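Structure, as structure tokens:
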Amino acid sequence: MGRQAEHIYTDQPTIARFNGLVEHLQNGARVRLYLVDGSTCEGVVAARPTVQEYYDGDGNEGSNGVAHLERPGISQWKRYVWFDQIVRIEHLDADAPSWS
């Protein structure tokens, strides 16, 4: 993904929330993401994400991140979800706790 983001954040509570997401999006985890628009997205975390610096359309710098999900057996299915769109993470692996 590029260095542009529609939404960037500079406040510490939001950045801390993003860092919390990272802890629950471990590589290979099966998750269901609940999104701000009310939809869900289910898949396997393809790579552990990180909080990164991006620029918005006005050139302002701030933080956000992207969760990359895939579905085993469906090679063409990939989904990239911005951290600010994630409301809650439900772990579908039997031994993992959920996050909200």
Side-chain angles (χ1 to χ4, degrees):
M1 304 211 64
R3 303 303 299 168
Q4 289 289 125
E6 186 174 343
H7 304 281
I8 51 105
Y9 300 86
T10 57
D11 63 287
Q12 290 307 308
T14 301
I15 294 168
R17 186 176 92 69
F18 291 166
N19 283 313
L21 289 173
V22 169
E23 295 303 314
H24 291 276
L25 292 168
Q26 300 293 321
N27 191 39
R30 258 189 49 198
V31 297
R32 179 177 297 125
L33 305 179
Y34 292 82
L35 308 178
V36 296
D37 67 2
S39 67
T40 62
C41 180
E42 184 176 316
V44 174
V45 178
R48 184 177 181 187
T50 59
V51 177
Q52 297 183 25
E53 296 301 304
Y54 294 93
Y55 293 95
D56 67 11
D58 295 326
N60 300 308
E61 184 177 11
S63 299
N64 208 330
V66 178
H68 173 191
L69 302 182
E70 295 182 352
R71 288 194 179 150
I74 306 175
S75 62
Q76 297 301 315
W77 193 94
K78 292 177 175 40
R79 179 91 185 262
Y80 297 92
V81 181
W82 288 100
F83 284 178
D84 66 328
Q85 299 303 300
I86 300 171
V87 174
R88 183 167 75 93
I89 299 170
E90 178 183 356
H91 284 272
L92 303 176
D93 300 317
D95 58 345
S98 292
W99 180 89
S100 59

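Bear in mind the structure is a predicted one, so any value in this text is a computation, not a measurement. Residue numbers count from 1 along this sequence.
Considering CD of E23 and CZ of F18, their distance stands at 15.0 Å, rounded to 0.5 Å. Note that the CZ atom of R30 and the CZ atom of R32 stand 8.5 Å from one another [nearest 0.5 Å]. For the atom pair CH2 (W82) and CG (N64), the distance works out to 5.5 Å, reported to the nearest 0.5 Å. For the atom pair NE2 (H68) and OH (Y80), the distance works out to 3.5 Å, reported to the nearest 0.5 Å. The CZ atom of R71 lies 9.0 Å from the CZ atom of R79; values are rounded to the nearest 0.5 Å. Atom OG1 of T50 is separated from atom CG of L25 by 11.5 Å, given to the nearest 0.5 angstrom.
The ring of Y9 has its center no closer than 6.0 angstrom to the ring center of F83.
Neither Y34 nor V81 shares a network with the other; the hydrophobic side chains, linked directly or stepwise wherever heavy atoms of I, L, V, M, F, W or Y lie under 4.5 Å apart, form separate groups for each. Under a hydrophobic-cluster definition in which Ile, Leu, Val, Met, Phe, Trp and Tyr are linked whenever side-chain heavy atoms come within less than 4.5 Å, directly or via other members, I74 and L69 are assigned to the same cluster. At a threshold of 4.5 Å between side-chain heavy atoms, the hydrophobic network of Ile, Leu, Val, Met, Phe, Trp and Tyr places V44 and L33 in two separate groups.
Contact between K78 and E70 at its shortest, heavy atoms only, is CE-OE2, 3.7 Å. In terms of heavy atoms, G65 sits closest to Y54 at N-CE1, 4.0 Å. Considering all non-hydrogen atoms of both residues, V45 and N27 come closest at O-OD1, 3.5 Å.
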Item to check | From CA spacing to verdict: side-chain contact (heavy atoms from CB on, under 4.5 Å), I8, E61 | outcome: CA-CA 7 Å; I8 51 105; E61 184 177 11; 6.0 Å; no
Next on the checklist: Evaluate L35 against I86 for side-chain contact (heavy atoms from CB on, under 4.5 Å), listing each step before the verdict.
Outcome noted: CA-CA 5 Å; L35 308 178; I86 300 171; 4.2 Å; yes
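Using a 4.5 Å heavy-atom threshold, the side chains of V31 and L92 count as separate.
Side chain of D37 to main chain of S39: a donor-acceptor pair is present (N/O by atom type, distance under 3.5 Å, no hydrogens or angles). Looking only at distances, no side-chain donor or acceptor of N19 sits under 3.5 Å from a matching main-chain atom of V51.
When only modelled atom types and interatomic distance are considered, S63 and Q52 share no side-chain donor-acceptor pair under 3.5 Å.
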